[in-house]
2 protein chains.
Amino acid sequence: MMGKITIRDVAREAGVSISTVSNALNDVDVLNPATKSHVLKVAQRLNYVPNLNGKQLKSGKTMMLGFFTTSVTGPYFYKLVESMSRQCDRLGYGLNVFVTKDKQVVMSNILGRRVDGVIIYEELGINDKDIHAMNKENIKAVFLDRVLQKESMGSIIFDSFEAGYEATKYLIGLGHKKIAYISGVDTMFDSVQRREGYLAALRQYSLPVSEDYILQGYFEEESTFNAVKSFIRAFPEKLPDAFLAGNDLSAIGCIQALKSHGYEVPLDISVMGFDDIDIAQYYSPPLTTVRNQIARQGILTIDHLVRMIQKKEQGNAQKLKGEIIVRGSSHVKFDRNDQM
Amino acid sequence: MMGKITIRDVAREAGVSISTVSNALNDVDVLNPATKSHVLKVAQRLNYVPNLNGKQLKSGKTMMLGFFTTSVTGPYFYKLVESMSRQCDRLGYGLNVFVTKDKQVVMSNILGRRVDGVIIYEELGINDKDIHAMNKENIKAVFLDRVLQKESMGSIIFDSFEAGYEATKYLIGLGHKKIAYISGVDTMFDSVQRREGYLAALRQYSLPVSEDYILQGYFEEESTFNAVKSFIRAFPEKLPDAFLAGNDLSAIGCIQALKSHGYEVPLDISVMGFDDIDIAQYYSPPLTTVRNQIARQGILTIDHLVRMIQKKEQGNAQKLKGEIIVRGSSHVKFDRNDQM
DNA sequence: CTTCGCTATAAAAACGTTTTTATAGATAAA
DNA sequence: TTTATCTATAAAAACGTTTTTATAGCGAAG
């Protein structure tokens, strides 16, 4: 029978003006306390819930942040979403996840002011023109896993160079001297950075850098399996002390190949990956790997975005270090000759 | 310098009224085609993007569905979100994921009309009064994993009773007689239903039902690991033929515990889980489990909700059957005594 | 006494749309 | 020729808020 209860209904019922109701509800401190509590009581009694569209239209604020991503599949995303939404809660914002591949959808939601600020996962195809449009509208954004050209926006990314560097340093610390790298997909930023870090560490410790020690594994188990097998067949005498694989899947493929040739990991050869995927700890041997601090990325992202919104701060680029997780696939260099 | 471009700016620039602009943009077929294309061209040139709050305030529609959940962690959720958002796309809706534990947030977003319809994951504490409020506002909702009291709302749930029943029947079919159940979280509907199904199957086949054979694993690997270990220590002579774990994580914890005591799975004891999580097939041994058709649940959910919204259909309750996936963690009963 | 300023509230404007109603001009019917 | 109908567009109202501006009442300062 009775339709939606509006602020007008509350005003009439409480015998005051709608501005008074608004002030009471929004805790604006200009009202007589008695009036305020009376209004609140009436609102409660009528089960009044403000219409957010009206509210947001006028105020220009939604107190919502939007996370735009092409996918939400896999542990990376749910860990990220989990930590971001928790942090939003703390700061009084809501987090809204939009799963879409359509850039049009993204831009119309952003410029259409459905949210106060946005987190954008790479690969949505947001370009300079889009960023310019956002800037013009004074919309704040933080990008994940993307190097930003525009100073105006924020970005919180993992430092893959540092990760590659540290991982290699760790292997060197175990006494390994001949370290091979199994590359991922060469068009991907992460892949290239990890390799550069690997090379930098080798140079730093004056270890030989050889093209032969860079294999192509394409971030996949099978490709890596084949690549390692061909390597072993081609250079049986040049077997490295350790393999640093572009990611954990690749590390698994590498270990499978070594096993199939009768080598033991980690006794004969150490193998290390990146990402710390779920399987890493269950695999045999459990993988030594570099873990990204996803929860931390989520928290920093929200903090940064909220500062940009509330304190009108400029966006900047922050890099996160990886964390080396030592498990069973790596071992201090063990020289068979010493044994004999 | 120049602020947000509104429909008014487009109207002025194109030399028409704002209603004409609105009609052109919304493809209302009353305009002279020349006028329409002219207006569209101007809108394009000005990079006009409609303000969604204004739009939604007036029209009363958002073309958005909201998924409200306490958590988004784990494969169940990302598979569900993935399939729901894909189906939303197809039907011209956007899907919005709200991760929150605060019922107040949920209700204010729902009654505040931020979305046209909602999908609610259980455990948010939505009660009859809330549902009544939604009904009064004519808001459509579909509940997941929850038995509904109110006829007016929809629900698409997995038949966990059936799943528990069928899984147990499968184990019985392998020749197992002493079957233990590792319970999940007792406040969760699924957990309780699976256990009831388990009990029903035991009764059906006149097998003994014992309280000792119901362990508490809380749907977690570690809790289950500890629970199973304590069981083994407490009743070494009463070891069951098979464990039916409340979910796959629990099954893994169970197997770890059995392994640590020197038992072999499945030769000594069969273990079975629920959910078919990603690790299930990689685990050693690969898990026998009951798979829910998550993608199907997502599609049915969206379809149902959209029908309720667009065709003003009544909500109803649908149940989905699980599918038993036989892998390496279960085996026909093998009696060591026969061997000796 | 005025006048000023302050307090508590009300009234009105504004946010950016869509929708409803009005209007001018053209075409068709009488 | 007049009137009615239709077409294309414009004007105005409405959606439900917040924010800005106005106002009545009152105590204090001159």
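Side-chain atoms are counted along with the backbone in the values below, which use heavy atoms only and exclude waters and symmetry mates. Note that the coordinates shown come from a computational prediction; the quantities given were computed from them, not determined experimentally. Below, chains carry the letters A, B, ... as their sequence lines are ordered, and counting in each starts from 1.
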Among B/Phe77, B/Phe67, B/Phe68, B/Phe143, whose ring pair (Phe, Tyr, Trp, His ring centres under 6.0 Å) with B/Tyr121 holds?
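It is B/Phe77; the other options fail the test.
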Going from CD1 on B/Ile157 to NZ on B/Lys319, what distance comes out if it is rounded to the nearest 0.5 angstrom?
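Reported to 0.5 Å precision, the distance equals 5.0 Å.
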Shortest side-chain distance from [X], nucleotide among [options]:
X	options	answer
A/Ile18	D/dT18, C/dA10, D/dG16	D/dT18
A/Lys58	D/dA14, C/dA10, C/dA14	C/dA14
B/Leu57	D/dG16, D/dA10, C/dT17	D/dG16
A/Ser19	C/dT9, D/dT19, C/dT18	D/dT19
A/Val16	C/dG16, C/dT9, C/dA10	C/dA10
B/Ser59	C/dT19, D/dG16, C/dT9	C/dT19

Taking all heavy atoms of A/Leu25 and all of A/Ala43, pick out the closest pair and write down the distance.
CD2-CB, 4.2 Å
Here the pair of heavy atoms bringing A/Ile110 nearest to A/Ile139 is O-CD1, 3.3 Å
State whether the side chain of B/Gln297 and the backbone N or O of B/Ile156 hold a donor-acceptor pair below 3.5 Å, judged by distance alone.
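Yes; judged by distance alone, with no hydrogens or angles, the pair exists.
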Spacing between [X] atom [atom1] and [N] atom [atom2], to the nearest angstrom:
X	N	atom1	atom2	result
A/Leu52	D/dC15	CG	P	18 Å
A/Gln56	D/dC15	CD	C1'	14 Å
B/Leu111	D/dT17	CG	C1'	17 Å
B/Arg8	D/dA13	CZ	C1'	12 Å
B/Arg12	C/dG16	CZ	C1'	14 Å
A/Glu137	C/dG16	CD	P	10 Å
A/Lys55	D/dG16	NZ	C1'	11 Å
A/Asn51	C/dC15	CG	P	18 Å

With heavy atoms under 4.0 Å as the rule, sort B/Gly15 into base, sugar-phosphate or nothing.
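Touches sugar-phosphate only.
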List in numerical order all residues of residues 21-33 of chain A for which some heavy atom is under 4.0 Å away from an atom belonging to DNA chain D.
A/Ser22, A/Asn26
Is any side-chain N of the basic residue among B/Asp27 and B/Lys36 closer than 4.0 Å to the acidic one's carboxylate O?
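Judged by the 4.0 Å cut-off on N to carboxylate O distance, B/Asp27 and B/Lys36 do form a salt bridge.
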Using 30° and 60° as the class boundaries, would you call the ring planes of B/Phe158 and B/Tyr76 parallel, tilted or perpendicular?
perpendicular
Does A/Thr35 make a side-chain N or O approach to OP1 or OP2 of C/dT9 shorter than 4.0 Å?
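For A/Thr35, the contact criterion (side-chain N or O under 4.0 Å from OP1 or OP2 of C/dT9) is met.
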Does the side chain of B/Ser17 get closer than 4.0 angstrom to OP1 or OP2 of D/dA10 through an N or O atom?
yes
